[in-house]
Asker: 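One structure, pasted below without further comment.
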Amino acid sequence: MNPSSASRRSFLRRASATSAWLGAAPLFRGLPAAGAEESRIDPAMVKFGDDIEPMVRLLEETPRERLLEEVAQRIRKGATSREIMTALLLAGVRNIQPRPVGFKFHAVLVVHSAHLASLNSPDADRWLPVFWALDQFKASQERDVKEGNWTMAPVDEKAVPAGEKARQAFTEAMDSWDEAKADAAVAGLSRTCGAQEVFDLFCRYGARDFRDIGHKIIYTANSWRMLQHTGWRHSEPVLRSLAYAMLEHEEGNPATREAPADMAGRWNAQLLKKINPAWRGGSASADGMKEMLGALRQGSDREASEKAVELLNRGVAPASLWDAVFQNCSELLMRKPGIITLHASTTANAMHFAFRQTSSDETRRFLLLQAVAFATSFRDRGDARQGILIEDLKESPVSASPEEALAGIFEATGKDNATAASRALSFLRSGDQAAQFTTAAQRLIYMKGTDSHDYKFSSAVMEDYRHISPGLRDAFLAASTYWLKGSTQADSPLVARTRQALG
């Protein structure tokens, strides 16, 4: 028998026995499932009620070493995942300073990714990502206390503009980078304007500058997603936190100077006016995608934006330009796996989500131009201009059995990522295997993941996979092994603790 084959069979037996990653062992039999049914949005849930405050206070005040056990008791008494995730989001925005937009604030940024992982998990495992996110909040809360114990103050009610003036007050405050006026205007917006109108405003400002390597638009997209789950009645504190995060900058008001982080946004606000009004009706073009990808590989941020305008005006579909952005993200990660290149992927995901969700044609054009400009900035910041091309990723023979093939992929992940990617490409091209791959990869995240980036990246990649042209999907997904978790890595300590709390 082939030694490697025997090793994989042994691994599969161990995995099955320990519920390590493949299959759905019943970890929490008899407990209420954090299932998709109770997570569906109820359109009637529009008012904020005092009933959520006790759960928020529980998360805020319970020591980290006791929180999972306390929440487990609430679950046994009927607490739902919606209630817990809503309280987690609100506790985060009230207790963790969103500046810089990253670092400890990842406890808030990752809430949607953990929620998504929970919904995509087997019923028996749905609480694992939720409990991981709870612990992440406590770790960030502790760090925030050490760094000054920031807490969101009540809004200045006297400064809140009347309903018809809230939109103008908000845009003026954001354009002038005025924190106090923006905070009051946001309260007015959330109380008087529709959710879509508010989102359209926020995603334009979330994408205007490259500070915090994309976290501003990531926060915009993820807060919007979570508010669709929790209900718009909880929007005011979330939007106040988001606006405060967007206005983070270095010394000197950006409105009065030309900072490098702002230049692409200013160019593109003018450049978007040159796009043909019929730009959305273009045709998919493999050649157009390659031209765009070439600009992302070698051009400047301005050159990439100008190439995008040129291609759109030639009748190339926006989807082909997004294909180039996503392919470029894969290349950057393969060339220089790290925090900068990882955020190329998560930022592109947020930009694309906002692009699809906004109702403003102008904002949609702006987001696309910013996405290609940002891609070149990630390339240069990540020192990833040179290296492997996505089309050069080669297949590697895999075992005949899908189970053994998956085992081989994830045994290599984290140890020999080039081999893992090649095996994954062969596996994905051997049939309709993407669902098996993503299920195994996702389960490894919540079994092995210890960092918010593990959740953010995996949820972004698995969502974007569905929006890429079919001929490009397999290579894109295979390249994700450069950051996914491998089966030989140790389980997160929170897995055992969660089992004990809920078992």
Side-chain angles (χ1 to χ4, degrees), residues 32 34-36 38-39 41 45 48-75 77-98 103-121 126-145 150-152 218-219 221-242 245 445-446 449 451-452 454-456 459 492 494 497-498 501-502:
E38 58 90 2
S39 297
I41 301 166
M45 294 178 65
F48 182 80
D50 293 339
D51 56 312
I52 196 65
E53 181 67 19
M55 182 64 76
V56 175
R57 295 293 294 272
L58 174 74
L59 304 190
E60 291 174 338
E61 297 174 1
T62 305
R64 182 180 182 184
E65 62 272 14
R66 283 292 310 156
L67 181 61
L68 303 192
E69 291 73 18
E70 292 293 332
V71 172
Q73 290 185 22
R74 298 304 191 279
I75 292 170
K77 295 177 181 178
T80 66
S81 67
R82 186 199 298 272
E83 180 184 1
I84 293 167
M85 296 307 278
T86 299
L88 180 60
L89 178 66
L90 297 178
V93 300
R94 188 157 74 180
N95 289 271
I96 304 173
Q97 185 178 29
F103 298 95
K104 64 181 179 293
F105 197 67
H106 273 109
V108 175
L109 298 177
V110 80
V111 170
H112 171 260
S113 297
H115 165 64
L116 197 63
S118 176
L119 292 184
N120 291 336
S121 302
R126 289 194 194 276
W127 289 111
L128 282 172
V130 175
F131 274 53
W132 178 89
L134 290 168
D135 186 73
Q136 182 79 358
F137 162 69
K138 296 306 293 186
S140 292
Q141 184 186 31
E142 291 172 359
R143 181 171 174 180
D144 187 84
V145 170
W150 181 91
T151 304
M152 179 180 286
I218 291 170
Y219 187 17
N222 285 359
S223 61
W224 169 257
R225 294 174 196 254
M226 280 306 298
L227 286 171
Q228 302 309 295
H229 174 63
T230 65
W232 192 249
R233 61 193 174 124
H234 302 299
S235 65
E236 185 171 317
V238 177
L239 295 177
R240 289 179 62 208
S241 171
L242 177 57
I445 291 297
Y446 59 74
D451 186 270
S452 59
D454 298 331
Y455 281 85
K456 285 171 54 187
S459 63
S492 164
L494 289 179
R497 186 176 163 199
T498 301
L502 289 170

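All values derive from a computational prediction rather than experimental measurement.
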Asker: If I compare all heavy atoms of Y219 with all of V238, which pair ends up nearest, and what's the gap?
Answerer: OH-O, 3.8 Å
Asker: Where do L59 and A87 come nearest, in terms of heavy atoms and distance?
Answerer: CD1-C, 3.7 Å
Asker: Please check this pair: side chain of S121 against backbone of A117, looking for a donor-acceptor N/O pair closer than 3.5 Å.
Answerer: yes
Asker: As an exercise, state the distance from NE2 of H112 to NZ of K456, rounded to the nearest 0.5 Å.
Answerer: 13.0 Å
Asker: Indicate yes or no for a side-chain donor-acceptor contact from D454 to the backbone of I445 under 3.5 Å, with no hydrogens or angles considered.
Answerer: no
Asker: How long is the straight-line distance from CD of E142 back to CD1 of I96, given to the nearest 0.5 Å?
Answerer: 10.5 Å
Asker: Using the test side-chain contact (heavy atoms from CB on, under 4.5 Å), find all partners of S452 that sit at least two apart in sequence or belong to another chain.
Answerer: H106, V110, W132, Q136
Asker: Checking Q141 now: which residues fulfil side-chain hydrogen bond (donor to acceptor under 3.5 Å, both in side chains) with it, not counting sequence neighbours?
Answerer: K138
Asker: Under the side-chain hydrogen bond (donor to acceptor under 3.5 Å, both in side chains) test, which residues partner E61, sequence neighbours left out?
Answerer: R57
Asker: Looking at every heavy atom in both L88 and F137, which two are closest together, and how far apart are they?
Answerer: CD1-CB, 3.5 Å
Asker: Is there a donor-acceptor contact under 3.5 Å from the side chain of R497 to the main chain of E69?
Answerer: no
Asker: Please report the interatomic distance CG(D144) to CD(Q97), rounded to the nearest 0.5 Å.
Answerer: 6.5 Å
Asker: For L242 and S223, which heavy atoms make the closest approach, and how far apart are they?
Answerer: CD2-OG, 3.7 Å
Asker: With sequence neighbours left out, write down each residue that passes side-chain hydrogen bond (donor to acceptor under 3.5 Å, both in side chains) with N120, or none if nothing qualifies.
Answerer: none
Asker: Are side-chain heavy atoms of W127 and I84 found at a separation under 4.5 Å?
Answerer: yes
Asker: Would you call V111 and N222 a side-chain contact if the rule is heavy atoms closer than 4.5 Å?
Answerer: no
Asker: State, with a plain yes or no, whether a side-chain heavy atom of H234 is found less than 4.5 Å away from one of I52.
Answerer: yes
Asker: Quick one: salt bridge (Lys or Arg N to Asp or Glu O under 4.0 Å) pairs with a partner in residues 103-113, sequence neighbours left out?
Answerer: K104-E147
Asker: Can you sort out the partners of E70 under side-chain contact (heavy atoms from CB on, under 4.5 Å), two or more places apart, ordered by chain and number?
Answerer: L58, T62, R66, Q73, R74
Asker: Once rounded to the nearest 0.5 Å, what's the spacing between atom NE2 of H229 and atom CH2 of W224?
Answerer: 15.5 Å
Asker: Could you check if a side-chain atom of L67 sits within less than 4.5 angstrom of a side-chain atom of D135, using non-hydrogen atoms only?
Answerer: no
Asker: Is it true that E83 and K77 have a side-chain N and a carboxylate O under 4.0 angstrom from each other?
Answerer: no
Asker: In the structure I gave you, are the side-chain heavy atoms of E60 and V56 within less than 4.5 Å of one another anywhere?
Answerer: yes
Asker: Taking R82's backbone N and O only, do any of them form a donor-acceptor pair with T86's side chain (distance below 3.5 Å, no angle check)?
Answerer: yes
Asker: Rounded to the nearest 0.5 Å, what separation is found between the CE atom of M226 and the CG atom of L116?
Answerer: 10.0 Å
Asker: Spell out, as yes or no, whether a donor-acceptor pair under 3.5 Å connects the side chain of R94 to the backbone of T151.
Answerer: no
Asker: To the nearest 0.5 Å, how far apart are CZ in F131 and CG in L494?
Answerer: 10.5 Å
